[in-house]
Structures are given as structure tokens and as C-alpha cells.
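Below: one structure, written as C-alpha cells.
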Amino acid sequence: MRTSRREFLKQSAAIGGGLTIGYGPLGAISETLAQKAAESVEINAWVVVRPDDGVVIRYARSEMGQGSMTSAPMLVAEELECDWKRVKIEYASANASVKRKRAWGDMASVGSRTIRNSQEYLRKAGATAREMLIAAAAKQWNVPASECGAQNSFITHGPSKRRVSFGKVAEAASKLEPPKDVKLKDPKEWKLIGKPIKRVDIPDTVMGRQRYGIDTQLPGMLYAAIAQCPVFGGKVKAMDSSRVEGRRGIVKVLNMETFVAVVGDNWWRAKEALRDVHIDWDAGANGNASSASLMEFYRSGLDAKEDIAVARKDGDFDQAFAGAAKKLEAEYWTPYLAHSCMEPMGCTAVVKDGKVDVWTSTQNAEASLANAASVAGVSLENVEVHRVQLGGGFGRRGGAQDFVRQGVAIAKAMEGTPVKMLWSREEDTQHDFYRPASLIRMKAALDDSGNPTAWYSRVSATSIFSSLVHLPLKPPLAPAEGVDPQSVASIFDLPHAIPNVRVEYAQRNAFVPVGFWRTVGHSQNPFVRESFMDELAAATGKDPFEYRRALLQKSPKDLGILEATAKAAGWGKPLPAGVFRGIAETEGYGSYTCAVCELSVDKNGEVSIKRLVLGIDPGYAVNPDNILAQMQGSAVYMLTAMFWGDITIREGRVEQSNFHDYRMMRLREMPKVEMVLAPSGGFWGGVGEPGQASIAPAVCNALFAATGKRVRSLPLKNHGFTLA
């Protein structure tokens, strides 16, 4: 099914929702521009050619600062052979995707999937459009298409040297049958992929023209502030809004069963009025829960004899451990973490005449559309999710679409009136879908030479997949029956040459809601794995780099990035007095990463990170500049979390409420970050998620080198450390 350019605009740019990056500020498509756009020709779902030879490439996923709104279109443009300087990027419509049977495929920006999971069909989309344009030109010239080629938005006939621009043959090309198979370029032929390209969203961002969900403004719009039960799973028992009824600017107070909303002509008024609404909450069974009781719950998973799933079993761990020359055991803990997006959760919606329009910062427009349709009780075709930039996502705006359900429910109660619902920072901190807490028991056996002969891990943690997305823990999703792949990530796939390995998983689904937090299991398990690996090296008196190097001889990708990063960091060279090093390496999201940290610690526990060298092998590197930015951003996010991040529970409630007690890194605390980009080719790995994976263990291993103190739980503030 093919949709005309005019029809697409009608479907996806209605009610003030701008689409195009590069045509000016989002939300401001002029009549002239709309008319010009309507005259453009769609070659396929991804490529539109304008009469003036400009090319529009559609982007199906979300942009939240990760830069894939530039990198993904680069894949299309590479094969299309268009002039990148004349490319504009526009969001694909989730509504149009429904009507066109998911023409753009997966729209979710999660798990570093945009490049690694989309690269083939995006490149094919560009190649297909190129071949159709060439065929149209060849037909016009009455020559074989094999004698023609495309370059820089022109088609050239080799023998006669005739040439024609894309815009002149686009109409004819759009009427041709797409080729069933196209040949993709050899990486040696790439002209755009691998080059540092400026991100298309940066100009609007730095000039304040960017539009986020929170910026939505509609005629006659009202505002809603909400309060949710402070205990997860609780409900409204009773509500008394008499103190705010009739107050200036307050339109309505809504009892929505799981939350209360105050709707007014101004968000601040609504928020302040909410304080004067008396709400009697039914906290349910979790009103007495605490961090201590949750720890007991997770500890029960370490000692349980039943309901334990085996993620991996190589050899005979018990026998090897029993007869070992030396044994090591340790327990590691990583806490719940909030996402703390700069833009708090929010959703603007209008429900009218059986149709729903939604403006929200979402990592998954399809999921937002489906949730909006479900709440409003309308068909998918009657919902439009207007695409905007995200003020941070980190996984929070993906699988959990609670903010969309709430926003649409309020709009439904205010039928016909646009309503912008916005969470306060306190609601955002205390009603997150947190990174799961995890308690892990580690054991290892060493022979007389200090080489590990046996390795054991038992992970006790809440399953994101079973509790949030309700998927069965079975292959191919899970490495084994009953195992959450994120709970055992980086542990069950241990690449080191150890003959006897057993990895177990105890599913402990607590009442605290959990979700995907940037890097997910790789944000915590490499800390455990690589810290424990450091313990083995220290126990044998061996250099931690050389110890890993010897064990990774049969895993060339892991070994390659380990050696490249260590070399760049000058591992083995003398350090200044009082400065110490730590190293860690792990695979994550299809890429191989390594970190080397150099630091000093003063008598007050202030840590001065002198240097942080981060290495990554993503296979192919699409936009090196963007990869550097992603690695630097990973350092900010992980250092913040590992030094201060800790969500604690008291009387069933999250104790932290805002940035005064859920601390963020300051500019002055940011260390120097160096990147080692070592793409070895042959595969497509992620970038946004894996950048964090090796940082925490590298820092903690350097802390051990500096202080002799082994850190087995995070955050570091609980051990008396802070960033200088």
C-alpha cells in the first residue's frame, strides 16, 4: 500500500504537531511549506523526493539525545546516493504505520536497537529507492539501467554522460514496481557511513527552538497535576476536594481510582490546589515494607533450594570447587535506581468525537498509540501520537506507558478539551519504574597457578520481563527456562576460559515497580563480574590486565578491545605518586567495551578521577562523533549512579523525592573522558547502552588499588567516597 505525500501530511501533521527537522522549529509547518511538501513524491515508506531535489528521509524511532535521528538516516542516504546537505529528516507517523501495516517496522528506541536492528532494512530502503530512480531515468532515456548510476542526487548514463536529478524522475520512479532484491554496498565503498556528521537536531536544541512534550501548547488547553498513592499498588479510598472547589482557575478535581488529578487553567495553580485536596489512601499490603525487608526477600533467593533456574551449566562446578587449591566467595549488591529524566513524565491529549490526539515524549510511539486507544476505547486508526523530542528517556519512556494512560484518561474525563498533564519532580522520583535491585552470590575456585577452574553466580532479582512486559521467560527471549536475560546479563555469557561454570537465577518479584534503566542488566552485572575477576587477580598477585588477557584468548573481540584500551591508557607505564589504575571489560548489546580509570583518593574519601579511558568495538561505526558523545554521556550517567544513586523504601514509600536527596553529578565533578573507537567490522553493535557497562567496575577496581578496600555494593557514598 502506498500513501501519497499529501495524505501522509494530513495523517501526521494535524492539530499543530510539526514533523520535520531542518524545515524550522517543530510545530510550525507553514502553509507554503505544507504545499511544497504535498507536491513531493514518496518513493517508498522511507524516502520522499521534493521537486527541488531535496530528499526527506523518515525516521521511525525516537530522538532523546542519543543522536540516532542522524545516524539512522545516514544508513538510508548512504545507499540512496543522495546529497546529504539537502537531506531533511521527518518523524514517521505511528498512525500512518497502523494504516500501512507497520510500514516502518519497530518504532521503539530501546536497548540500543535503532542501528543494530534496523541497519539492514534501512540500507535496503535507500538502495531500493536508488534503483527505482535509476530505472525511471533509464526508461526516460531508453537505455539499459545497468549503464546508469547514481551519485549526489543525480543519475548519470555512463556512455552518453547524460544526467538528470532525482527530482526530475521521482514521479516516474514512484510508479515503478520496487525491485525484489537489491545489492548493498561493500563497506569499502561507503562514503557517508563512518564519517563524523553533525547531528540534525543540535541547532534547534541549542537555539531553544526544539519542542519537547512539555512544550505543547494548544488553543483552550487546560492543565492537570496529579497525586498517586505513595505506596505502590495503592488506591484512593476517599477524597475531599471541598477546599479547592470554586477556587480561581480550578476547573475540576478527578478521582481516577489509582490517582487524583486537579485540572485548572494553569499548572502551578493545579499543583498548589492538589495540596489542599484531602486524599485517604488505601495502601494495601505493602504499607510496612522497607529496604530492610526487601533485602531479606532478595536474600531468600540466595539460599533457596527450590524454584531456582539454571542459566548456564558447564562442567561440574561442585566437584571442581570442592577440590580447589584456593576458594573465593563474595556477595554483591546493586540498588534500585530512578531514571531522573530532565523532563518529568507528562502527556497532552484531547479526546473528541471518537478520536484521540496525543503529544508526549515517548520512546515507543506504537506503544503510546496502543495505550491511548485502549484507555479512550477507540480503534488504533483513530489515534495520532504527535512526535516530539524527548527531554531524556533512559528506558523510562519505553515499556511503561503509565503517563500516557493517565494523560488520556484525564482528557477523556474532560471530553473535547485539550489537557496537559505534568508530573512534579516528586511524583517523578517516587513513582518511577526503577532499575531492579540485585543481590548476587559469587564463588570461584583457583588452581595452584592461580587460574580459575570453577565459577559460580546466583542472581536474586526482580524480573523486568515478567513483571513489566509480562513475557514468559522462555527461549529465545531467555537463555534458559525461567531466567530473565537482563538479570543475568554479562554473567551467564562469561567469555573467559573457565571449564566449570554454573549461573543460577532466583526470581524475586517485589512490589516495587521495575523497568528498563539505561544499560539495564549491563549497568550492574559487569560491576559484579569484573570486580570479582579483580578479586581473583588480587588473590593470585597477578596484574589485573594480564589476568584477563590470559583468560580471553579464545574470545578475540573481548580480547581486542581489552588490549586496545589498555594500550591507549598506557597500562603498565608508571603513574604519578598517589594515582592508581583499574580496568574492566565486557560485551553488551552486541558491542565490546573496556574502561580504564586512573584516580587518587584523599584522606576524606574524596575521589579525583584523573582520567577515564573508554573503549568500544561496535563492529561498524556509523557516526564517530556521535559515538564519542554517547560514551561521554554514559560516563555522566554511570558515575552519577555509582557514587550517589540509591532509591530506598520506608513504610512502603520511596524516601527520596527530588534532586536534594537523589543527587546528580555537577559540571565541576566531570572527569576527562577519552574514547578508543576500535570498530573491527563484520557486525553491528549498539552504542547508547554499552558505553556504561565497564565504568563502575573499572572505577571500583582503581579504588581497591588505591585503598585496599574492596567495594561490593553501590553507591559509593555508602562507603564514604564522593567525587572531588
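Side-chain atoms are counted along with the backbone in the values below, which use heavy atoms only and exclude waters and symmetry mates.
Considering only heavy atoms from C-beta on, Phe721 comes within 4.5 Å of Val601 through its side chain. Contact check for Met442 versus Ser457: side-chain heavy atoms found under the 4.5 Å cut-off. Side-chain contact between His719 and Ser713 is present, with heavy atoms from C-beta onward closer than 4.5 Å. Trp644 is listed as a side-chain neighbour of Met665, based on a closest heavy-atom distance under 4.5 Å. Side chains of Ile115 and Leu75 form a contact here, defined as non-hydrogen atoms less than 4.5 Å apart. Side-chain contact check for Pro618 versus Leu677: some heavy-atom pair is nearer than 4.5 Å. You'll find the side chain of Ser531 reaches within 4.5 Å of the side chain of Asn701, heavy atoms only. Side-chain contact between Met69 and Arg199: absent, with no pair of heavy atoms (C-beta onward) separated by less than 4.5 Å.
For the residue pair Ser694 and Ala595, the shortest heavy atom distance occurs at O-CB, 3.5 Å. In plain terms, the two heavy atoms of Gly645 and Pro335 that are nearest each other are O-CG, 3.6 Å. Residues Gly393 and Cys341 share a closest heavy-atom pair of O-SG, 3.5 Å. Nearest heavy atoms, Ile627 versus Val622: CD1-N, 4.5 Å.
Side-chain contact, Arg508 with Ser300: a donor N or O sits under 3.5 Å from an acceptor N or O. The closest side-chain donor-acceptor pair between Ser467 and Asn509, if any, does not fall under 3.5 angstrom. Using a 3.5 Å distance cut-off with no hydrogens or angles, the side chains of Asp543 and Trp571 do pair a donor with an acceptor. For the residue pair Thr334 / Gln524, a side-chain donor-acceptor distance below 3.5 Å is found, with atom types taken as modelled. In this model, no donor atom of one side chain and acceptor atom of the other lie less than 3.5 Å apart for Glu585 and Tyr592. Residues Ser463 and Asp484 have side chains that bring a donor and an acceptor to within less than 3.5 angstrom of each other. Side-chain atoms of Ser608 and Lys610 include a donor-acceptor pair closer than 3.5 Å. A donor-acceptor contact closer than 3.5 angstrom links the side chains of Tyr298 and Thr462.
If you look at Phe532 and Trp455, their ring centroids are closer than 6.0 Å. Ring centroid separation for the pair Tyr332 and Phe527 comes in under the 6.0 Å cut-off. Outside the 6.0 Å centre-distance limit, the rings of Tyr620 and Phe683 are not counted as a close aromatic pair.
In this structure, CZ in Arg548 is found 14.0 Å from OG in Ser555, a value given to the nearest 0.5 Å. Distance check: Ser466 OG to Leu471 CG gives 9.0 Å after rounding to the nearest 0.5 Å. Asn623 CG to Lys195 NZ: the interatomic distance, rounded to the nearest 0.5 Å, is 11.0 Å. Distance check, rounded to the nearest 0.5 Å: NZ of Lys185 to CH2 of Trp190 gives 10.0 Å. The OG atom of Ser490 sits 4.0 Å away from the CZ atom of Arg529 when rounded to the nearest 0.5 Å. Note that the CG atom of Leu337 and the OH atom of Tyr637 stand 8.0 Å from one another [nearest 0.5 Å].
Qualifying salt bridge (charged side-chain N to carboxylate O under 4.0 Å, His left out) partners for Lys557, counting only residues two or more places apart in sequence or in other chains: none.
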Step by step, would you call Glu63 with Leu390 a side-chain contact (heavy atoms from CB on, under 4.5 Å)? CA-CA 6 Å; Glu63 178 59 56; Leu390 284 64; over 6 Å; no
Derivation of the side-chain contact (heavy atoms from CB on, under 4.5 Å) call for Leu439 and Arg299: CA-CA 7 Å; Leu439 183 62; Arg299 185 161 296 284; 4.0 Å; yes
Between Leu703 and Leu716, does the side-chain contact (heavy atoms from CB on, under 4.5 Å) criterion hold? Intermediate values first, please. CA-CA 10 Å; Leu703 283 175; Leu716 291 173; 3.8 Å; yes
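A salt bridge links Lys124 to Glu120: at least one charged side-chain nitrogen sits closer than 4.0 Å to a carboxylate oxygen. Using a cut-off of 4.0 Å between Lys/Arg side-chain N and Asp/Glu carboxylate O, Glu366 and Arg102 are scored as salt-bridged. At a threshold of 4.0 Å, the pair Arg712-Glu535 counts as salt-bridged, since one of the basic side-chain nitrogens sits closer than that to a carboxylate oxygen. Here Glu674 pairs with Arg611 in a salt bridge; the nearest charged N to carboxylate O distance falls below 4.0 Å. A salt bridge between Lys198 and Asp625 is absent, with no side-chain N of the basic residue lying under 4.0 Å from a carboxylate O of the acidic one. No salt bridge links Asp646 with Lys717; every basic N to acidic carboxylate O contact stays at or beyond 4.0 Å.
Summarising the local packing, CG of Asp448 is surrounded by 12 or fewer heavy atoms from other residues, nucleotides or ligands at distances under 6.0 Å. Within a 6.0 Å sphere centred on CD of Gln319, other residues, nucleotides and ligands contribute 12 heavy atoms or fewer. Counting non-hydrogen atoms of neighbouring residues, nucleotides and ligands closer than 6.0 angstrom, the NZ atom of Lys191 exceeds 12 such neighbours.
Residue Cys700 forms a side-chain contact (heavy atoms from CB on, under 4.5 Å) with just one option from Asp534, Leu714, Ile695, and that option is Leu714. Each of Arg518, Gln692, Arg435 was scored for a side-chain hydrogen bond (donor to acceptor under 3.5 Å, both in side chains) with Ser523, with one residue passing: Arg435.
Residue pairs meeting the salt bridge (Lys or Arg N to Asp or Glu O under 4.0 Å) criterion with at least one member in residues 316-327, sequence neighbours excluded, are Asp318-Arg502. The ring-ring contact (aromatic ring centres under 6.0 Å, His included) analysis of residues 468-510, with sequence neighbours excluded, yields no pairs.
Ring geometry for Phe516 against Phe465 counts as perpendicular: the plane angle is over 60°, on a 0 to 90° scale with 30° as the lower cut.
Checked by atom type and distance alone, the side chain of Glu481 never pairs as donor or acceptor with a backbone atom of Lys474 at under 3.5 Å.
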